[in-house]
Structure formats: structure tokens, C-alpha cells
Protein chains: 2
Amino acid sequence: MGPGKADLLEAIDRVGSISAGAREMGMSYKRAWDLVDTMNRCFKQPLVATATGGSHGGGAHVTEFGHDVLRRYRAMECKANDCVSAELHELISLLSPFGED
Amino acid sequence: MGPGKADLLEAIDRVGSISAGAREMGMSYKRAWDLVDTMNRCFKQPLVATATGGSHGGGAHVTEFGHDVLRRYRAMECKANDCVSAELHELISLLSPFGED
DNA sequence: GATCGCTACATTTAATGAAATATAACGAAG
DNA sequence: CTTCGTTATATTTCATTAAATGTAGCGATC
């Protein structure tokens, strides 16, 4: 679980399908599907439930469990960020302004 | 910068060369050298200084700047860890006991 | 000659992208 | 009422590409 998967989860929750979520995030459908598959297999219960077929071809939605994980993750991310914000910026100030080059 | 690079930095500091540090960490010399190279290029100043040739063929040591970065990184890691420890364990308890499978 | 830093090349592995297939609700004929 | 085509998606397969890794050798110094 990281910021990328969390963003994808939110996108899927917003638009109602993996493919539309992928488009919104500018990634390939396969990449999005792989991320969803990884999340669903990593946790005890699926975070995303999917349906194939139907008038709109199918769709996906974030489960109650998925919302719970997402909420916990975002809370943790935020808390950790606040907690070391000062130290982090000090460390970043030691980085080269040119990146790796 | 992550736990792996920090560990490598400490190993190099302990044993005095990239190759011995790599052996100690169970990685190839090339991998260790690449990590050191990345660190040296990412920061404003090198974290590791090297010498080729000499009585023992050369060696490497962590610079004063490198020690500073390492100390800051470890402090931050520890603080962030403590800060979200409870939440992190709650989240981990939601993971499948079988990993991705 | 020994040991190490460093580099270039080959190889193996992982990520990516594109394309083919499967699915099921829906509506329009018939 | 039944069949069929349409539709937008999920899912899988396969080829391609990029990245990581391993191998082998060179130059340096004591």
C-alpha cells in the first residue's frame, strides 16, 4: 500500500470502474488492474469488487473494507507526514538540486 | 534514501570498503556500488569517499556529510515509526497472513 | 600478487503495452 | 417470447521493452 494505490482506490470510488479510473490517472488499464489485483490478494478481504458484463459493460466499486483500509492509510500517511515534516525538509535540503544527475 | 541504503552506509562505515560491505549484506559488489553511486549523485556532497589501490587494494569510508545524513535519516525513521506505530499495526492486522498469494 | 574501485557487456528478470477473449444487461427486431 | 447485436467493461495472453542483476576484466596502489 502506498500513495499510488490509495489514489487509484479513490479514483475507482469516484468513477465506478477500473478502466475509467485508469484513464483518469493516466495509466494503462492493465497496470490499474494489476494494482487492484495485488491489493485484493494482499489483504484479508478484497478492497475492490468487480462486475463484468451488463448494460455498461461492468464496473468496480470500493468495498466497505476497502474504504476502511483507505481511511486508515490516509490517516497514517498524514500523521507520519506531520510528525517528521521539519526533519524531512532538512533532509531534502541536503539533496542535490539536479536530482540524480 | 531508504532502510537498505542506510544499512549499507553503516556496513561500509563498519568494514571500510564497498566490497566487504556488500559481502556482509549479502549483495553483489555491483549492486552496492550502484547504490553508493546513486547516493553520492543524489546529495549535494558525496556520502561515501573511495580510494583505489593501496595496501588493501583501496577502500571506502563514510564522509562527515554522510554521517550527518545517516543520523538525520535514522532519527526521522525512528520518529515516524514511533508516531504511527499503533495505526501501522492495526493496518498490518488487516493484511492477509499469506502475503500476496 | 593481492584487493579493491570502477566499467562495459551479457543475461536474466520485471514492467509495460497491445491485442484477443469473456461477460452480461439491455433493447430492437422477428 | 426468443434471439441477436450492441455496449462498455473485466480478464487473460502474448510480445515487446525497460530495468535490474550478474560476469568478466581493467587500472590502481602497496
Any chance you could list the contact pattern along nucleotides 15-22 of chain C? Use B for base contacts, S for sugar-phosphate-only contacts and - for none, protein heavy atoms under 4.0 Å, 5' to 3'. -BBB----
Whole-Å distance, B/E100 CD to C/dA14 P, equals 12 Å
To the nearest Å, how far apart are A/H56 NE2 and D/dT7 P? 13 Å
Looking only at side-chain N and O atoms, does B/W33 come under 4.0 Å of OP1 or OP2 in C/dC6? yes
Here's a test of your reading of the structure: between A/S55 and A/A51, which maps to the more 5' nucleotide of DNA chain D? A/S55
If the condition is side-chain hydrogen bond (donor to acceptor under 3.5 Å, both in side chains), which residues does [X] pass it with, not counting sequence neighbours?
X	result
B/R74	B/D7, B/E10, B/E77
A/R41	A/D37
A/K44	none

Applying side-chain contact (heavy atoms from CB on, under 4.5 Å) to B/A80 and not counting sequence neighbours gives A/V84
Which part of the nucleic acid, if any, lies within contact of B/G59, taking any heavy atom under 4.0 Å across all strands shown: a base, the sugar-phosphate backbone alone, or nothing? sugar-phosphate
Among pairs that include at least one residue of residues 24-35 of chain B, which meet side chain to side chain donor-acceptor pair (under 3.5 Å), considering only residues two or more places apart or in two chains? B/R14-B/E24, B/K30-B/D34
Side chain to side chain donor-acceptor pair (under 3.5 Å): pairs with one or both residues in residues 46-70 of chain A, sequence neighbours excluded: A/D13-A/H67, A/D68-A/R71, A/D68-A/R72
Counting only non-hydrogen atoms, which of residues 12-24 of chain B are less than 4.0 Å from DNA chain C? B/S17, B/I18, B/S19, B/R23
Report yes if some heavy atom in the side chain of B/P3 is under 4.5 Å from a heavy atom in the side chain of B/Y73; otherwise report no. yes
Is any side-chain heavy atom of A/V62 closer than 4.5 Å to a side-chain heavy atom of A/L70? no
A/T50, nearest nucleotide to its side chain (from C/dA25, D/dA10, C/dC6): D/dA10
